[in-house]
Amino acid sequence: MKTTISIIKADVGSYCGHQLPHPNLLRIAKSELEEAKKAGILIDYYVANCGDDIDLIMTHDKGDANAKVHKVAWDAFVAATAEAKKLKLYGAGQDLLSDAFSGNVKGLGPGSAEMTFEERKSEPVVCFLMDKTDPGAFNLPVYKMFADPFTNAGLVIDPNMHGGFVFEVYDIEEHKRVLLHTPTELYDLLALIGSTSRYVIKRVFPGKGNKVPETEPAACVSTDKLFQIAGEYVGKDDPVAMARGQSGLPSVGELVEPYAFPHLVSGWMRGSHVGPILPCSMKDAIPTRFDGPPRIVALGFQLCEGKLIGPNDIFADIAYDHARSKALKIADYMRRHGPFQPHRLPPGDMEYTSMPKVMEKLKGRFEALK
Ligand code: F6R
Ligand code: MG
Ligand code: MG
């Protein structure tokens, strides 16, 4: 039997401001998913949150992009939105961009990452949940997990990984994709994914030395960009990802090693600022200072015939204390730049924020240089 793991996420309202979903919303989402489990649509589920995003982690046997499964998530968000409106929560229903569900959450606001595979004898999976940043934030850590021998010791000492990995990269402006094999095309891969606002890693497959993945995916990232759907700044692209570990794939420790370095990501206040990503436990995933700094939570599960055994809240570990304290120092340093680059995003990326409204106001005031 093939198992599918789907993470579908949305921000449908939070308190106070853009911090946390109210416990009532999480309760409602859980009861909707429990009904779907009873109805045989889901095998199992776990309702998590990172900051103001509700992350529905669901397992089933229906494959990627299944209409029934997506409808379960959509209905859970619609029900949570009704409560968010009742409580006048901030941004109630903000990520539901349509009144009607049409078979798939794609293009309707919520983000999704899904993988379907034959469960191995033992199947560890790590779910990564981010808040206050965008899908490009996963480029650096996912690259390190699967292609950097200084992060992933298995690339060097486990012959099962010597076939390398195939990265599926999306060009989110041109709506195209390319498959690149590492290590043979490592420089080409980096040439693209170093531009985090345009090229994003969608999936990673174990490689067989060629570019056509003949294998089942090892990792998947949600790449949904809301401004492209809504045509204007809605900006809540906060992404999720998942990766399988062990036995010829990166170990769980290798999957989470990249986050010992709190790299700089785009997002934070008003989706307009560069700041460090702070690895933390789910209970500490409450963005406060300057609506941030951006957070990442990692939940580790074992799959057992689709059942989710766990989670282990991985970044609760004291081993991430140094990364956290470094992230806080970087946050202080970046904040001192105020509205200046490189704390503020470059002009091209500001196009997708509320900045064009300011520019509109000044439009008639610009004079040609003599
Ligand atoms: C970032 C985010 C917040 C808001 C900010 C302003 O992704 O959600 O930083 O952008 O709090 O929100 P509004 O414009 O709704 O007052
Ligand atoms: Mg919000
Ligand atoms: Mg959010």
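Below, each value reflects all heavy atoms present in this structure, side chains not excepted, and no hydrogens, waters or symmetry copies. Note that ligands are numbered from 1 as they come in the structure, with each ligand's atoms numbered from 1 the same way.
Taking 4.0 Å as the cut-off, Phe290 does not count as a neighbour of ligand 1 on heavy-atom distance. No heavy atom of Gly267 sits closer than 4.0 Å to any atom of ligand 1.
Checked by atom type, the side-chain pair Glu119/Thr3 shows a donor-acceptor distance below 3.5 Å. Between the side chains of Glu34 and Tyr45, at least one donor-acceptor pair of N or O atoms lies under 3.5 Å. Side-chain polar atoms of Thr59 and Asp44 form no donor-acceptor pair below 3.5 angstrom. In this model, a donor atom of one side chain and an acceptor atom of the other lie less than 3.5 Å apart for Ser122 and Gln302.
Within Asp131, the N, O or S atom at minimum distance from the Mg ion (ligand 3) carries the name OD1. Checked against the Mg ion (ligand 2), the N, O or S atom of His18 at the shortest distance is ND1.
Residue side and main chain included, Asp11 places no N/O/S atom under 2.8 Å of the Mg ion (ligand 3). Coordination check, Asp52 versus the Mg ion (ligand 2): passed, since an N/O/S atom of the residue sits under 2.8 Å.
The 12-atom threshold is not exceeded at CZ of Arg177, counting heavy atoms of other residues, nucleotides or ligands nearer than 6.0 Å.
Annotation for ligand 1: atoms under 4.0 Å from non-hydrogen atoms of Met269 are 9 (O). Residue Gly271 has at least one heavy-atom neighbour below 4.0 Å for each of these atoms of ligand 1: 1 (C). In the vicinity of Lys132, heavy-atom distances shorter than 4.0 Å reach the ligand 1 atoms 1 (C), 7 (O).
The side chain of His18, and not its backbone, has at least one atom closer than 4.0 Å to an atom of ligand 1 (non-hydrogen atoms only; side chain from C-beta on). Contact annotation: for Tyr90 versus ligand 1, heavy atoms closer than 4.0 Å belong to the side chain alone.
Closest heavy-atom contact between Tyr170 and Arg203: OH-NH2, 3.6 Å.
The angle Asp238:OD2 - the Mg ion (ligand 3) - Asp53:OD2 amounts to 80°, with values rounded to 10 degrees.
When hydrophobic clusters are built by joining Ile, Leu, Val, Met, Phe, Trp and Tyr residues whose side-chain heavy atoms come closer than 4.5 Å, directly or via intermediates, Ile57 is not grouped with Val72.
For the pairing with Asp52, the side chain to side chain donor-acceptor pair (under 3.5 Å) check across Gln94, Gln19, Lys132 returns one residue only, Lys132.
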